[in-house]
Amino acid sequence: MAKTIIISNRLPVQLQISNGTISAIPSVGGLATGMKSVHSGGDSLWIGWSGLTDEEIPKELAPKIDEALAEHGSSKVNLSSAEVDGFYFGFSNRTIWPLFHYFLEYSEFELDSWNIYKAVNQKFADAILESADDDDTIWVHDYQLMLVPQMVREKRPNISIGFFLHIPFPSFEIFRTLPWREDLLQGLLGADLIGFHTYDYERHFLSSVRRLLGLEVSFNDIYLDNRIIKVDSFPMGIDYKKFSNAAKEHQKNTTAQQSDLQQRLNDHKRSTPDAKLILSIDRLDYSKGIAKRLNAFEYFLNKYPQYKEKVRLIILAVPSRSNVPQYQLLKKEIDELVGRINGDFSTVSWTPIWYFYRSVPFENLIDLYTSSDIAWLTPLRDGMNLVAKEYIATRTDKTGVLILSEMAGSANEMNESLLINPNNFEQIADSLNQAINMPIEEQQERNTHLQKRLARYNVEQWANDFMSSLQAQKDRDAANVSKRLTEHRLNTVLEDFSKAKKRLLFLDYDGTLAGFHVDPQKAGPDKELYGLLDALNSMENTDLYLVSGRDKDTFTKWFLHKKYNMIVEHGVWISQDGEDFRMLENVKNDWMEKIRPVLESFVDRTPGSFIEEKNYSLAWHYRKTDPDFGNLRANELNTVLTSLIANDDLSVLNGNKVMEIKSSNVNKGRATVRVMGEDDYDFVFAIGDDWTDEFMFQELPESTVTVKVGRQKTQARFYVNGIKPVRDLLKRFTD
Ligand code: GDG
């Protein structure tokens, strides 16, 4: 039976060793809960690090640990403390984490830790490969494991792999500074589906893929050799019921049942009934903006002194990555700030900040959420921020105000909260003032909308959505595979070929027989290609035609001496048996005077683009331009040309990074159909890679063996994956 394999840095269970016995306790984190529907029963496996290094695991207990984990459907990857240092504290948390959160100055580029990151990713990949079957589904989580998808893909080309990034994906300008940027992208592209929390992260990623790898991206599909990779956003939700139910239960508690913390909070409320409690909860991480928040609080107290003794800020900072120096410095900074602000503002009966540096049990988390009038979350960058969602979920009477940084992914879905820029102290102080004075009805109105949305798109929904999208990707692949020119199908084609009395072959050139080059003149034929074409051309009862959009001078130079038949400029010219080119279509070129200046103005304004002038067409090439800018300009040019040529018999062909203006009654379809009529052919074959070749696929009779190179949408009957497979296929005709 097909199973699901989930991979994350940490397993969803905590190991506890006491008196020589081992116990594995399920974690209660958001991810573990969200994956419940995916990770259940016997048909799923979770692979990750246990949290204990090899050195920390007593040898005699190792087998017992495996057993204990297996009971929770988990299996561990063993890591030594050196590996944890290099991979987790090193490359993950000193390179990727700061860089992806726009803390460029904290990002360390160390070759050693990169090498350990690679080696540990390979360990995770190997652990997957050991347990995975071809029909399994793999879901890889987060920034620690970005190379894993490709490492698995290499060994299992057909397995279904999804990847989800829990942190932001930064803009290209930031990402490009990483020395191993291409490696990370290629690692991710091993997946079939790559998920992010927000559309912004998705678009940053796509932009890096286009600019750094030069891959073709269409909407949210990436075309890579023989695969289409889907990129999408899935905003992670919370276990809404768990939080809202806990809050409801919490309300029912008698004083005796209440936690110590809750009783203290109640005392405080009783003693200062109109004072407001402001809550902030984060891991102690520089991305969360805790120090800035403290400064902003001081600013607020100075701007609105009337709230002295009337507000209290509770800061819960959960210890995190305390081995990383940056975090130690931050801890010191926060300690000092809290001390100073409290020192400056405290009165005998009032301390403005209650500061806790620890993690608290779930019960206390609920105490804090339900007792606080305002949740104040001001990360400088945050992939999502689940605390914001959890606070809203616990507000059973729908009161409470959320002030949230617009730099958190959750801000996209939480428009009804007070959104602030964490660097704008003026705005923050005013928002605190607004929150303190917000009428109850308004609070309830805002929270009603928020709760509805959070209850619906909860974490389970998120996980299921991701999995169904991955499944859909698999199905789409299967549908595509239906057109693949498999060995079986090829054998039928070859049989028809050998039985035929008279054969006709139409071969497109660029992107089919030869690869693209930034300078089209340099993409000339190589020795192997000449050999292949010679062999085809010398076959009995076989007419070979090169069919191209190229100009006749280039093809004359490259191929006339070889006496291959050629159709160029999309069908304007034809050359047969080594004779000079003659016109196949009677076309005009007087329109060029009007169009050329327009194209020239686009060349002037689009660095890297250029005009190719053919006898009967003009082409604007933009392969060498910035990809986004090039596409933008191409759209603009399209609009300009459409209105300009409305009354002429001209059309615009949008090829692969080229726009070509030419006479409407010329295209490869029309030309090839004409040639076909010259003899009695009982086997016709046409192969090509781009839009202009679709004319052949559409217009040639249905019995034609039409083959598309690449996986884009096509009218062709079959597809193959690239230039090498094209050459292999043609070679089979000559065997
Ligand atoms: C990363 C991304 C993204 C916190 N303190 C205590 C406690 N918590 C729980 C909260 C919440 C979770 O920890 C924190 O989640 P966040 O989303 O706020 O932040 P990160 O840990 O940075 O998570 C983040 C997330 O991944 C998911 O994709 O949203 O952007 O950085 O659930 O409740 N729980 C308990 N005691 C505490 O003291 N019990």
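Atom set for the values below is all heavy atoms of this structure, side chains included, hydrogens, waters and symmetry mates excluded. Counting starts at 1 for both ligands and their atoms, following the listed order. Positions are given from 1 along the sequence.
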K.L.:
Taking the side chain as every heavy atom from C-beta outward, state whether Ile403 and Leu377 have any atom pair closer than 4.5 Å.
P.N.:
no
K.L.:
Using distance alone, decide if ligand 1 has a nitrogen or oxygen within less than 3.5 Å of any nitrogen or oxygen in Met236.
P.N.:
no
K.L.:
Which bit of Val318 is near ligand 1, meaning a heavy atom under 4.0 Å away: side chain, backbone, both or neither?
P.N.:
side chain
K.L.:
Between Phe169 and Phe175, how do the two ring planes meet: parallel, tilted or perpendicular, split at 30° and 60°?
P.N.:
tilted
K.L.:
If you count the atoms of ligand 1 from 1 in the order shown, which ones are under 4.0 Å from a heavy atom of Phe362?
P.N.:
39 (N)
K.L.:
Side chain, backbone, both or neither: which part of Asp382 comes within less than 4.0 Å of ligand 1 when only heavy atoms are counted?
P.N.:
both
K.L.:
I'd like to know if the side chain of Gln443 reaches the main chain of Gly400, judged simply by a donor and an acceptor atom lying under 3.5 Å from each other, with no hydrogens or angles considered.
P.N.:
yes
K.L.:
I want to confirm something. Looking only at heavy atoms, which of Val387, Leu368, Leu365, Asp282 is nearest to atom 34 (N) of ligand 1?
P.N.:
Leu365
K.L.:
Could you pull out, from His166, Met384, Lys288, the option with a heavy atom nearest to atom 20 (P) of ligand 1?
P.N.:
Lys288
K.L.:
Looking at ligand 1, does any of its N/O atoms fall within less than 3.5 Å of an N/O of Ile167?
P.N.:
no
K.L.:
Is the Phe196-Phe205 ring centre distance short of 6.0 angstrom?
P.N.:
yes
K.L.:
Less than 6.0 Å separating the ring centroids of Phe466 and Trp139?
P.N.:
yes
K.L.:
I'd like to check which ligand 1 atoms, numbered from 1 as shown, lie under 4.0 Å from a non-hydrogen atom of Leu316.
P.N.:
38 (O)
K.L.:
Short question: side chain of Asn447, backbone of Lys398 - any donor-acceptor pair under 3.5 Å?
P.N.:
yes
K.L.:
Answer yes or no: is there a donor N or O on one side and an acceptor on the other, between the side chain of Glu56 and the main chain of Thr53, under 3.5 Å?
P.N.:
yes
K.L.:
For ligand 1, find out whether one of its N or O atoms is nearer than 3.5 Å to an N or O atom of Glu390.
P.N.:
yes
K.L.:
Tell me the closest heavy-atom pair linking Ala291 and Leu337, and the distance in Å.
P.N.:
O-CD1, 3.6 Å
K.L.:
Would you please indicate if the ring centroids of Trp114 and Phe91 are separated by under 6.0 Å?
P.N.:
yes
K.L.:
Out of His101, Arg358, Arg283, who is nearest to atom 22 (O) of ligand 1 when you count heavy atoms only?
P.N.:
Arg283
K.L.:
Suppose I only count heavy atoms of Leu386 and a 4.0 Å limit; which atoms of ligand 1 are within that range?
P.N.:
16 (P), 17 (O), 18 (O), 27 (C), 29 (O)
K.L.:
Going by the order shown, which atoms of ligand 1 are within less than 4.0 Å of some heavy atom of Gly383?
P.N.:
30 (O)
K.L.:
Going by heavy atoms, is Trp97 under 4.0 Å from ligand 1?
P.N.:
yes
